[in-house]
Amino acid sequence: MLAYTFDNTLDGLLTAVFDAFALHQAPDALIAEGDILPMFCTDVHRVRTAEDKARRVWAGLEKRLSREALRMITVAWLSEDRELPTPLLHYICKVFRQPEGAPGIERNFSDPDVLSVTNTARRVMHEKHRMMQFVRFQKTKDGTYLGVVSPDHNVLPLVVHHFRDRFGDQPWLLYDARRRYGFYYDRQEVVRITFEDEDALPFDLQTGRLSSDVISQDDQLFQDLWRTYFKAICIRQRMNPRKQLNDMPRRYWKYMTEMQ
Amino acid sequence: MLTEKTIEKLRILAESAKYDVSCSSSGTVRKGKQGMVGNTVGGVGICHSFADDGRCISLLKVMLTNYCMYDCAYCINRRSNDIPRATLSVSELEEIVMEFYRRNYIEGLFLSSGVVRTPDYTMERLTAIVRDLRTIHRFNGYIHLKSIPGASRELLNEAGRWADRMSVNIEIPREESLKLLAPEKDHQSVFQPMRLIQQGVLENKEDRRRMHHAPRFVPAGQSTQMIVGATAESDRDILGMSSALYRQPTMRRVYYSGYVSVNTYDPRLPVLKQPPLVRENRLYQADWLMRFYHFRVDEIVDEQHANLDLEVDPKLAWALRHPEAFPVDINTAEYESILRVPGIGVKSAMLIVNSRRFNRITSYHLKKMGVVMKKAKYFITCHELTDGYANPIVGINELHPERLRPLLVSASQRKKAAAELQMTLDFDEPPTDNL
């Protein structure tokens, strides 16, 4: 059995595709460096990420795949799923091995690799949607709106566009507490930010709450209003906590105003 | 400035509004605009939260006031009810909407109101709020406005310029039942505003063809709701009404609201311990079959089957009544026939027709694609002899529907259905008797 190892970047994965063709090999697995190798692994090739190789592979993909299929690959990559690299590598290799003019393999969902990558992308898009649903902003004294999240997949880059379009006239900061970075919008453009000194954060990483000296005066009132509304809108004769959990899993609750 | 009092008012008015089940914020895509707050996304819409009853919270669903001059038996806000009453001031409501929206609590506003003084007076106040939100607060998010039956055409036309969706609730599908429960209303008072809204939308379409920049009129169309279980209507009456409504070009959604006994003292209404949730669920499933699965209403319910089967979903019920339509060959059948297989949804049907051009689809692939094989295996062939190592596949035609049915109904489903039937038998005094 032949395994490739790589540095767990998308460029690294594309380089692995390049190597597989250059070396005339068909690797059985693609593993991030430091991860446990599969059993019965006899051969290991270490992929050295090279940007020019990656770019060539990507250019080839652009010629062979539709825009949606390309987007699906980048979206699936944001899943940060440990299980993704192997099927993704196989999928991309199959794309290149396809004879010219054959119907695009991207729609062959009976192929386990295509299906696996598609399903991963679908999971990421699902969580992207959940960010649009469940982000809760608090307002600071200077008028910036802060929303803290910790999604399973790295979905913030996918939702920035939505929040920019929707809240174009208010400055906001979306912060991923798990990956320790965020996007800040100053009513002009969105920039990616990280905090140098995490002890001086203006909010609590665990609860996402703004500290009392920076939160705006009336924010507490609106939070109370929202909690009151949330309780009042429920019809007690129809209690259905299972459906609630299904649609709004508990892992999102900790940053949500009405569930705190 | 908002105070503690506002919190109490919002609580009262949300409690009054919550029996209106419409919630969606879909139907129109509008990008953000310079100098305005908000956009609408279309597609499946965004639900921002889910209450303890499992229903989604997308729009701020609230009444301007819960004072009402009508006395409809099924309504919590009827004038003879002794409940706390409140009225939000225009500025209070507008501030709540804007502040909630900016914190991403809501997708927009769903505003309705009890009728005070005259329909026109009420409608005018609702219209004023929506206009203020758009022009003063520069709100570009979703607005669903309840149209007040009996309001004038001019007011509806004004309101439709600012709202995304408008709705009038039918509530009771048969007019004689409606007259019994709400003597001050008739179907005309519901269909009249519906027609006006539709006319407005169609005229607006014409206008926009000529002048591209004409403002849009109710771009997300209309919706309506019917109460289930308060009167003696069969599911055939209800679904027949829905199907007729969906033939109108602007009707986007019909909602079904399992009757919650809010006015237990009224002898015209049944006393239900629990709202008929299973029946409501079956109605939604039937609604989905009409909208996404190419079913006609007379295939779902007919004279012999005027009510939906509570134990099995309507698609499976249809399949059990029509063994001649099966088995469906997954590899050659048309998309429409594949859609009719119990256990295969729109998503997996699409995956199947896309993938079968490459190679033959087997039951292994179907399982991987998310098909519920436990159900589907009796209704399909994919040129395999067995579904396991030793069991030959036995389809609906070999087993016969009456022997297949018990295999597909779980004990818990049977129990739930029985419990709901039991309740109607015990407590339901036929309300149409005194007609």
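Chain letters run A, B, ... following the sequence lines, proteins first, then strands; residues in each count from 1. Everything numeric in this text was worked out from a predicted model, so none of it was measured.
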Close side-chain approach of [X] and [Y], heavy atoms under 4.5 Å:
X	Y	result
Arg102(B)	Phe137(A)	no
Gln133(A)	Glu107(B)	no
Phe230(A)	Ile57(B)	yes
Arg11(B)	Lys231(A)	no
Leu221(A)	Thr6(B)	no

Backbone N/O of [Y] and side chain of [X]: donor-acceptor pair under 3.5 Å:
X	Y	answer
Ser355(B)	Asn108(A)	no
Asp53(B)	Ile235(A)	yes
Asn104(B)	Met132(A)	yes
Gln244(A)	Phe50(B)	yes
Lys368(B)	Ser110(A)	no

Self-check item: Any pair counted as salt bridge (Lys or Arg N to Asp or Glu O under 4.0 Å), so long as it reaches residues 208-222 of chain A, sequence neighbours left out
Solution: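 Salt bridge (Lys or Arg N to Asp or Glu O under 4.0 Å) check on residues 208-222 of chain A returns Asp219(A)-Arg103(B).
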
Relative to chain B, which segment of [X] carries a heavy atom at a distance below 4.5 Å: side chain, backbone, both, or neither?
X	result
Ile233(A)	both
Arg122(A)	side chain
Ile105(A)	backbone
Tyr145(A)	side chain

Pick whichever of [options] has the most heavy-atom pairs under 4.5 Å with chain A.
options	answer
Gly32(B), Ser261(B), Ser58(B)	Gly32(B)
Lys33(B), Arg356(B), Glu99(B)	Glu99(B)
Cys47(B), Ala14(B), Ser16(B)	Cys47(B)

Show the nearest heavy-atom pair for residues [X] and [Y], with the distance to one decimal.
X	Y	answer
Tyr229(A)	Leu59(B)	OH-O, 3.6 Å
Asp52(B)	Cys234(A)	CB-SG, 3.9 Å
Ser49(B)	Arg136(A)	CB-NH2, 3.7 Å

Practice problem: Apply salt bridge (Lys or Arg N to Asp or Glu O under 4.0 Å) to Lys139(A) and list each qualifying residue two or more places apart in sequence or on a separate chain. | Solution: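 Counting only residues at least two positions away or on another chain, Lys139(A) forms no salt bridge (Lys or Arg N to Asp or Glu O under 4.0 Å).
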
Quiz item: Would Trp226(A) and Ile106(B) count as a side chain to side chain contact (heavy atoms under 4.5 Å, CB included) if you check the C-alpha gap in whole Å, the side-chain angles of each, and the deciding distance to 0.1 Å?
Solution: CA-CA 10 Å; Trp226(A) 175 238; Ile106(B) 54 170; 3.9 Å; yes

Exercise. Considering only heavy atoms and a distance below 4.5 Å, find which of Asp224(A), Asp247(A), Thr228(A), Asn246(A) pairs most often with chain B.
Key: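 Option with the greatest count: Asp247(A).
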
Quiz item: Mind checking whether Phe222(A) and Phe100(B) have parallel, tilted or perpendicular rings, split at 30° and 60°?
Solution: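 Phe222(A) vs Phe100(B) ring planes: perpendicular.
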
Quiz item: Is there any residue in residues 148-172 of chain A with a non-hydrogen atom under 4.5 Å from a non-hydrogen atom of chain B, and which ones are they?
Solution: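 Checking residues 148-172 of chain A against chain B gives His162(A), Phe163(A), Asp165(A), Arg166(A), Phe167(A), Asp169(A), Gln170(A).
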
Quiz item: Can you pull out the residues in residues 248-260 of chain A with any heavy atom less than 4.5 Å from chain B?
Solution: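 Hits under 4.5 Å: Met248(A), Met256(A), Thr257(A), Glu258(A).
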
